[in-house]
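Quantities reported herein were computed from a predicted structural model and do not represent experimental measurements.
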Amino acid sequence: WAVLIGINQYRYVEPLRYAVNDAIAMRDMLMRQGFRPERIFTLFDGQATREAIMRLLGDQLPRMVGSNDRLLIFFAGHGETREPRPRVDQGFLIPVDGRRESLGATAIDWLGDLRRVLVNTLAAKHVLFIADACYSGYGATRDLGVVPTLSRAGSLTARQVLTAGGKGEQVVEEGGQGLFTRILLRGLEGAADRNGDGAVTASELANYVREHVPAASGYRQTPNFAWLHAGEGDFIVASVPR
């Protein structure tokens, strides 16, 4: 299963140029990987309200996704991090109707909204959330650490998150795409399969983008990756010719 969200035309914050392009490019990649069209949900621009996103993730998908399924969620749009007290970050994704001056009421709070859905509500064995947005404060239990073997990756549960950058950074858009997504797609096409086992896992993909995005962005973006709970599995994102 996949959910692809791309927002260019924000109502109350500055627009983006290529977020919808990025979501479409990810959809095309997933379809080449065998994701069936009827299991790919898209929310672009005006469709991507806070209510619509949370209804899809928190109400519709839990009734469809099975306990042995995998779910990839891709968000291209604005992210925001605020620091309510020292050394405590609160991360938000901004939907099309979100307002920066009212994040608590109009944006999607990572800890209060998304993490609860991804960890507690969805039954899927593997969930990978990719955000071409810069923010932090998502309450991870551990960072990249030891990369699981392929057999272990597929057999154990996983809740993972990969973001384009961290607190205070801005996503780079160039050449009709977000820089992070362009490098991400290159990794999915096979460049991230460093051990040559014919599969690209989320942790391999994270290693790849964390190696290439900082230099390509002039060190304006440093992707973040983490597991959200104690599961030791790893989302198998793509297969590549050996």
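In this structure a side-chain-to-backbone donor-acceptor pair under 3.5 Å is missing from Asp109 to Phe92. No donor-acceptor pair under 3.5 Å is formed between the side chain of Glu173 and the backbone N or O of Gly178. Here the side chain of Gln160 pairs no donor or acceptor atom with the backbone of Ala202 at under 3.5 angstrom. Side-chain N or O atoms of Ser217 include one that pairs as donor or acceptor with a backbone N or O of Gln221 at under 3.5 Å.
Salt bridge Arg182/Asp22: absent, no basic N to carboxylate O contact under 4.0 Å. A salt bridge links Glu80 and Arg100; the closest N-O separation between the charged side-chain nitrogens and carboxylate oxygens is under 4.0 Å.
Counting all heavy atoms, side chain and backbone alike, Ile236 lies closest to Ala199 at CG2-CB, 4.1 Å. The two atoms that bring Pro95 and Ala48 nearest to each other are CB-O, 3.4 Å, heavy atoms only. Tyr208 and Ala192 make their closest contact through CB-CB, 3.7 Å (heavy atoms, listed as atom of the first residue, atom of the second, distance). Between Ala19 and Ile7, the closest heavy-atom pair is CB-O, 3.2 Å. Here the closest heavy-atom approach between residue Met64 and residue Asp69 is recorded as O-OD2, 4.4 Å. In terms of heavy-atom proximity, Asn224 sits nearest to Gly165 at ND2-O, 3.6 Å.
When hydrophobic clusters are built by joining Ile, Leu, Val, Met, Phe, Trp and Tyr residues whose side-chain heavy atoms come closer than 4.5 Å, directly or via intermediates, Val161 is grouped together with Trp1.
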Under the criterion side chain to side chain contact (heavy atoms under 4.5 Å, CB included), I'd like the reasoning laid out for Leu185 against Met26: C-alpha separation, chi angles, the key distance, then a yes or no. CA-CA 7 Å; Leu185 292 171; Met26 179 62 71; 4.2 Å; yes
From CA spacing to verdict: side chain to side chain contact (heavy atoms under 4.5 Å, CB included), Trp110, Leu228: CA-CA 11 Å; Trp110 179 261; Leu228 296 180; 3.6 Å; yes
Checking Ile24 against Leu4 for the side chain to side chain contact (heavy atoms under 4.5 Å, CB included) test, could you report, in this order, the C-alpha distance in whole Å, the side-chain angles of both residues, the deciding distance, and whether it holds? CA-CA 8 Å; Ile24 291 172; Leu4 307 172; over 6 Å; no
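Remark: Glu51 CD is loosely packed, at most 12 non-hydrogen atoms of other residues, nucleotides or ligands lying under 6.0 Å away.
Counting heavy atoms from C-beta on, the side chains of Phe75 and Phe129 come closer than 4.5 Å.
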